[in-house]
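Have a look at the structure below, then the notes.
Naming convention: chains lettered A, B, ... in sequence-line order (proteins, then strands); numbering from 1 in each chain.
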Amino acid sequence: MKALMFGWEFPPQILGGLGTASYGLTKGMAQQTDMEITFVLPKPNGDEDQSFLRLVGANHVPVVYKETSNEYIEQIIGKLTRLDDYLHYRNNIRYDFSRISTNELGCIYFYGRYPDNLVEEISNYEAVASVLAHSLDFDIIHSHDWLTYPAGKFAKQISGKPLVVHVHATDFDRSRGNVNPTVYAIEKAGMDAADHIITVSNLTRQTVIDKYHQPPHKVTTVHNAVEPLEHAETVIKAQRSEKLVTFLGRITMQKGPEYFVEAAHRVLEKTNNVRFVMAGSGDMMHAMIDLVAKRNIADRFHFTGFLKGKQVHQLLADSDVYIMPSVSEPFGISPLEAMQVGTPSIISKQSGCAEILAHAIKTDYWDIDAMADAIYAIVHYPAMYKSLRNEGKAEVDSITWEKAGLKVRKIYDMVLHQ
Amino acid sequence: MKNICFYFQLHLPYALKRYRFFEIGNDHYYYDDFQTEETIRLLVEKSYLPANKTILDIIHHSNKAFKCAFSISGCTLEQLEQYAPEVIDSFRELATTGCVEFLVEPYAHSLASVFNELEFERQVQLHAKKIEDLFGYRPTTLRNAELIYSDEIGEKAYQMGYQSIVVEGGRDILGWKSAHYLYHHPHKKNLKILMRDYKLSDDITFRFSDKSWTDYPLTADKYIQWIANAPAEEELINIWLGYETFGLKQDASSGILDFLKAIPYQAIVHGIEFITPTEATQKLESKDSLSAPYTSAWGSEEKDLSSWTGNDLQQEALQKLYAVTERVHLCKHKTLKRDWLMIQSSDYFRYMSHRNAYNSPYDSAYDAFVNYMNILSDFLLRVDAEYPSSIENEELNALLKTITEQEKEISNLTKQLYTKNKK
């Protein structure tokens, strides 16, 4: 089984959950011995782990035929792309994309990430997809998130191979209902063109059915999993006399930071042996600092700013409680990461991961009292902490990408035999 | 001669209200009265009243051949008195037929037998008194909450003066033996043990209206035939169920009450009689001693205590609760003592089980634990206010003794003073 996947992020260069999920899923699927994955990225860095899949950089795929010497090609792209591959792609350019500005190799420049000209970049990615669809051999196309739907759709039109789109989030999650019409149109067109749609939670599945008008039988949930943490033993909880409650993520409307501040205020009315940390940055950060000051808890409520890599795991491990009060979260991988290092998690019922976690506390995102109650219980009742820590870790360790990969494989098989 | 011993359990804990941590120390009322009333009324109307009426009818129609026993926990009796006194009247009427026996159990349907012997004894006495007050009858057979039993509990029951005890007929205790005989305690030979036939009991409770069951539909004819087909020397078939089976677990439309009605007639046809637990111990001979070194209970597959004490949450809650037993006994405060009983119901701990929390009003074991611990924290603060935990129990006893003796001393001295003045 050969799959052609279109993605947008891949570790170590990641900005959100999409990259982590793409990596985990492909790695999990690679455990199936007959699975060959070609993963297309706008702009790989060269430091990606390619041991289990073949990575193709869209910025090294020519879309306009330009005559250059082989030496020059090697010199420009040789580190990441083999000369033979380049020549093979170049021989398979069937459409005229000369309207797009390209370099002397006929390749498009991609920013990757989420630049201002995102829509243009998405359509350029589509052009690359056409060349790849003509030059590669594959059985199925798999598009990760809306940025890559047009590419997947075009590849399907050219090759006639079935398309599976993977919904990691919808614009309804990002905007609390105020959807951007351009984004919605791209999402909807991709879903309409798909032979099957994979969603990361039942919550998202319902959104896809209700808001994008997809027939329920065409939509299947495959919950995300979490990669086993490397060097887990090096992340050790520091001993301290006070308890630490942590929020970690973008400080935006979607993540519900204000509910965390209010819950902290509730807890601090009753007890003072607790500190609260809000890690991350975002457009609501200043409003949150104001709110903390207004509630008069600034001496026990701290902002760290944006954290990276090891710092994240260290903070998670040092915490006594991890909290994710998201208003709408398609899946939400961070509570699973917290549980991996043995930190009890409180998550909102409006998070996709709540569907698969039994040993985490689930409250409504708006239910400040319940949230405060859960925080109080974890820091005051030892059995609560111990039980969530041990049972939670065991639970998370059993949620593997390999299992998720098998579910995706089942969907492939089903689509191919339709 | 075969005998069927029916016994029905009635127990419903008080519904605890949503109690947040910021109420600790401020709010000392722990119950959701509205919820309690709603649940008990539902049980009363769908199950208890119609079932009581059916049983009264069959006692009369069978010319008092039908007999059965009831065990009604103390907190359930209180709820019935408050919200459905007509059910108490109906039980009184049943009691006057002489065909009904009431069993004694720990008042609060608690796990005290496992955690504190004294508390267990106290609750059994309290319940016996309650039964006597209500039905004019001193119970003689002990039924421990959740049918919890071990050799030690049996010995304790015997020391309290009970001649018989009812026990879940699990394989761990019985081994190759049959549940269809009367047994006795290995050391206290006068304590008789009745063993529940869980297969026949669960056939009614769980499978009666299960259409996927191979024996569906279950008729009284078929059921009694099974019993009649058992080896001739097996003489005691103990069928014990939760009373809510009639009308609630098995809906009235399933014909469960008609099934119950038809049982005595089918039994009479096959020459099978009915017997109450105490009668059984008097009429029948014990076949053998039965040893139970490990504690067993009904309910789960495992027939052990894991549903109530199996995880860290349950252990912490129970340990914190029973750690103050002696202090609460010293207290004179009446509401405190009542709360002490009410928050002991075994159900609250089962709700904290990850695997076996059926009927739980909570979202999860954690939710149940948090709510209970908040309540318990407030309760412990109240106990602490009466007798600070900084003082050891022995010291406290000595101090209390001084206080009471001090009063005597003062009155003595006043008397002396008075007589001196007179002179």
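- Counted within 6.0 Å of CD on Glu152(B), heavy atoms from surrounding residues, nucleotides or ligands total 12 or fewer; the atom is thus considered open.
- More than 12 non-hydrogen atoms from other residues, nucleotides or ligands lie less than 6.0 angstrom from NZ of Lys407(A).
- Between Phe21(B) and Tyr376(A), the ring-plane angle classifies as parallel under the 30° and 60° cut-offs.
- Atom CD of Glu262(A) has more than 12 neighbouring heavy atoms from other residues, nucleotides or ligands inside a 6.0 Å radius.
- When each of Ala370(A), Ala360(A), Ala374(A), Ala377(A) is checked for heavy-atom pairs under 4.5 Å with chain B, Ala370(A) comes out on top.
- The two residues Ser387(A) and Leu313(B) make their nearest non-hydrogen contact at CB-CD2, 3.8 Å.
- Around the CD atom of Glu117(B), the shell of radius 6.0 Å holds no more than 12 heavy atoms that belong to other residues, nucleotides or ligands.
- Going from atom NZ of Lys386(A) over to atom CG of Asn311(B) covers 10.0 Å, rounded to the nearest 0.5 Å.
- Comment: Arg20(B) engages Asp373(A) in a salt bridge, judged by a side-chain N to carboxylate O separation of less than 4.0 angstrom.
- When all heavy atoms are compared, the tightest approach of Tyr366(B) to Ala358(A) is CE1-O, 3.9 Å.
- Residue Ile378(A): no heavy atom, backbone or side chain, is found under 4.5 Å from chain B.
- Summarising the local packing, NZ of Lys337(B) is surrounded by more than 12 heavy atoms from other residues, nucleotides or ligands at distances under 6.0 Å.
- Annotation for Met384(A) and Glu316(B): closest pair N-OE1, 4.4 Å, computed over non-hydrogen atoms.
- Using a 4.5 Å cut-off between heavy atoms, Phe22(B) touches chain A through backbone and side chain atoms alike.
- A donor atom on one side chain and an acceptor atom on the other are found under 3.5 Å apart for Asn374(B) and Tyr381(A).
- Remark: Lys349(A) engages Asp363(B) in a salt bridge, criterion side-chain N to carboxylate O under 4.0 Å.
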